[in-house]
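This report refers to the structure that appears directly beneath it.
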Amino acid sequence: MRRIVKRSVTVAIALWAGLLSLNSIANELATSYALQVQKMYVAYYGRPGDPRGVRYWADQIAQTGGNWIPELVNAFGTSEEYTDRFGGFDPGALIDNLYAQLFGRAPDATGKSFYVDLLNGTDASGLNPSLRTSTLAQIAVDIANGAQGEDLVMLDNKLEVASYFTQLVDLTDRRYISVDIENAVSIITEVHSDPLSVDANKSAVDAFVSLPAPTPVIQVESVFVDEGAGIADLEVKLSSASDETVSVRYSTYEGDARDRVDYQSVYNSSLSFAPGEIAKQIRLIIHDDAEAEGDESFGVAFGSATNALIGAENAYITILDDDGIAGTPVIEVQDLIVDEKVGEALLTLTLSGTADSEVSVTYATVPGSASDGDFVAATGSLIFQSGERVKTVSLPIIDDRLSEGAERFSVVLSDPVNARMIDDEGVVIIAASDRLPVSEPVIDLESIVVDEKDGVARFLARLSSPSLDTVSLRYSTYQGTASDRADYQSFYSDLITFVPGETIKKIPLLIMDDTEAENDESFYLGIASPENAVIGTEYVIATIADDDGAIGTPVVGVEAAGVSEAVGTVVLPVRLDLRSDDEVQVSYDTISGSADDADFSGSSGTLTFLPGDRVKTLRLPITDDLLPEDTELFEVALSEPVNAYLLEDRANVTIGASDQVPVPQPVFDVESIDVDEKAGVAEFMVQLSAPSLETVWLRYSTEQGSAQGNTDYLPVYDDFLSFAPGDTLKKVQILIVNDSEPESDKAFYLNFRASPNAVMGTEKVSATILDDD
């Protein structure tokens, strides 16, 4: 019996009239490659393909000259959906199901016996699975391609309705999530060789896309604001329009910016969106005092949403002080990573201090691996009036729905007036969001290093692939060597939400800028309670670089890093070990090794640390080239330091192999390490011998040696990492306590155990802490 809910809502013909060639299935989704992909969905799953899935596989086939079918067959044969729906079927039942999905009939006895034998690997002595000559996915393709007579007519009809379904879902932006699969299967099941069944089931598709719109997600970005502006405007947006009134409540809370001194608090106020509205504004009052002070931040918490989900429970306003020493300011431009689906990159330009007169600068976008089809080119001039310290450039991002890796373009600054520039290029990286959607992507976080005076630590949460469903998770902070409320603002079980298709979200947390000279300190961010996703990295670390300690000529260094090719970017903090009263500069350059320009985007330039700065971040794009390669290396080299020393001038960047042939049981490998006590963090690189066919995990715990838990390092127990299919490289980080006691080098251990679908190559490794006192 059909389970589609019939509704009297008519799908607007204008959305697709003239665009859909309904009888020939010939539009952008129904190229010859897309039709092959659609046939695979119908044969193997008995349903239409989702738009992103069809596009992804059609694009992969096109990129490889039509030779991607074996990989497509492999992926279908090992998918979560197959396991969930058909994992308990015996070989005979699997063949029966294929014929039922394709032709609405049982197989003839000879054909069924033939295909069952292929699955089982039958020989003269009986069943021998080691002789298996075909997979179920390959058999599905063979049966579909061999259709004749009435079977062929029925299959063509099913493909016509399936392609109509995919096209209409795409054109109407109707979500096609896992809870809809049953409806989609029932539509295709009802298509027969009779042409009337085609029209009837197209009507069923119309009813399907007319079901209520998905629940929108409330989204808001943190902002910078000039103290002299008097107001701070937060833009609040919905991910999609709603047919109902949407409301959310919000309240401010203190950071190092103080209520009634720096801003005017609000408590439990309400913001409402009328049906159809997608953007609103919250206006908050900022107090412009005459006190010379650092930049300060406060928070806005969101909750109690009606008819919507909350994308992030917290946003921050950073107030840029306008009472400091006036002079010739420095223009700084941030690098930025954005989700393609968001549709906009907001690039922030700031002045290092207040100017005596009007400041202006010209900007222009420059294509890189992202071309004009990925973003809207822009040029213009920005003018900072006297007292202003922040300007924002809005750059439209095009959600082209092509299967792409991470891409980059630049915003280049020129012709500064009444200011100088220390970096004339802001890099915008567009995260990959058009990979094949999955029902349970893996959530990963990045550890970060921030200057104490930054005010906000901005973590990135990343999905391994877009999700078919809305993904949510809870995050909490945990004390490390940094203290709650003294060094950062703690949070417990706050929420972030990913809309289907989104792969990047920001988690900003408040940092307290005190005046105490102290070591660099760290705290943890942990995630829990995922919905429609799997946790990849349970805990990551934020390291706060102190800005009140000893002044001198610093040593500048860059740390080794590693990343899976599929992640798309690698982050390298460049740090000073001391703060300086002078401006510090250092040049950097990427140097090819076993990885070359085809594997990463080469980059060079100069990093400038203003007095008090101790951290700069390089974010380099990695190319996901789909070629089966071993683990590869390139280097980041530092040179030409000004007002600083170089001790180690190079760091390796490891690119984990993501495109080798997946294996059912990969091997985890970890090596023992040495770590300087002052580094603050011990980093163990965890590698897989090859990509896995499914998500694999390992658990790890510390074990005391000559180094004592809580005295020399912070112990962990039964923490875990999960690797998504294609992910082959991650880090385990353990906090090191930097005391002032002269002592011998000490060691602790890390013990591992792997999930049943992986093997632990090394079950125990050590970290030797090298004393610096």
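One is the number of the first residue; the rest follow in order along the sequence.
Taking NZ from Lys280 and CG from Leu238, the interatomic distance works out to 10.0 Å, rounded to the nearest 0.5 Å. Within the model, atoms CD1 of Ile429 and CG of Leu620 stand 7.5 Å from one another, a figure rounded to the nearest 0.5 Å. With rounding to the nearest 0.5 Å, the separation of CD1 in Ile511 from CD in Glu521 is 10.5 Å. With rounding to the nearest 0.5 angstrom, the CG atom of Leu346 is 11.5 Å from the OG atom of Ser222. How far NZ of Lys731 is from CD of Glu683: 4.0 Å, rounded to the nearest 0.5 Å. Distance CZ/Phe498 to OG/Ser239: 13.5 Å, rounded to 0.5 Å.
Contact check on Arg575 versus Glu559 returns a salt bridge, with a Lys/Arg side-chain nitrogen under 4.0 Å from an Asp/Glu carboxylate oxygen. At a threshold of 4.0 Å, the pair Arg699-Asp718 counts as salt-bridged, since one of the basic side-chain nitrogens sits closer than that to a carboxylate oxygen. Contact check on Asp513 versus Lys453 returns no salt bridge, with no Lys/Arg side-chain nitrogen under 4.0 Å from an Asp/Glu carboxylate oxygen. A salt bridge between Asp170 and Arg55 is present, with a side-chain N of the basic residue lying under 4.0 Å from a carboxylate O of the acidic one. Salt bridge status for Asp295 with Arg389: present, with a side-chain N to carboxylate O gap under 4.0 Å.
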Point to revise | Pair Lys237-Glu344, salt bridge (charged side-chain N to carboxylate O under 4.0 Å, His left out): steps then yes or no | key: CA-CA 12 Å; Lys237 298 179 179 180; Glu344 179 184 39; 3.2 Å; yes

Review point. For Asn314 and Tyr475, what are the C-alpha separation, side-chain angles and deciding distance, and is it a side chain to side chain donor-acceptor pair (under 3.5 Å)?
Key: CA-CA 11 Å; Asn314 296 283; Tyr475 65 89; 3.2 Å; yes

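Ring-centre distance between Phe723 and Phe668: below the 6.0 Å cut-off. A distance of 6.0 Å or more separates the ring centres of Tyr316 and Phe298.
Screening residues 306-318 for salt bridge (charged side-chain N to carboxylate O under 4.0 Å, His left out) gives Glu313-Arg474 as the qualifying pairs, with residues at least two apart or on separate chains.
When each of Ile443, Thr569, Leu445, Val442 is tested with Arg462 by the rule side-chain contact (heavy atoms from CB on, under 4.5 Å), just one qualifies, namely Thr569. Each of Thr318, Leu320, Asp262 was scored for a side-chain contact (heavy atoms from CB on, under 4.5 Å) with Glu296, with one residue passing: Asp262.
Asn757 and Ser755 share a side-chain donor-acceptor pair at under 3.5 Å. Checked by atom type, the side-chain pair Gln219/Glu235 shows no donor-acceptor distance below 3.5 Å. A donor-acceptor contact under 3.5 angstrom links the side chains of Ser564 and Asp727, judged on distance only. Residues Thr497 and Ser472 have side chains that never bring a donor and an acceptor to within less than 3.5 angstrom of each other.
Between Tyr250 and Val220 there is no side-chain heavy-atom pair separated by less than 4.5 Å. Side-chain atoms of Thr543 and Ile448, non-hydrogen and from C-beta on, never get closer than 4.5 Å to each other. A 4.5 Å side-chain heavy-atom check between Val428 and Leu347 finds at least one atom pair inside the cut-off. Within the 4.5 Å cutoff, the side chain of Phe491 has heavy atoms near those of the Leu509 side chain.
A parallel orientation is assigned to the rings of Phe375 and Phe409, their planes being inclined by less than 30° (bins at 30° and 60°).
When all heavy atoms of Ser522 and Val681 are compared, the closest pair comes out as OG-CG2, 4.3 Å. Smallest separation of non-hydrogen atoms from Ile310 and Gly303: CD1-CA, 3.5 Å.
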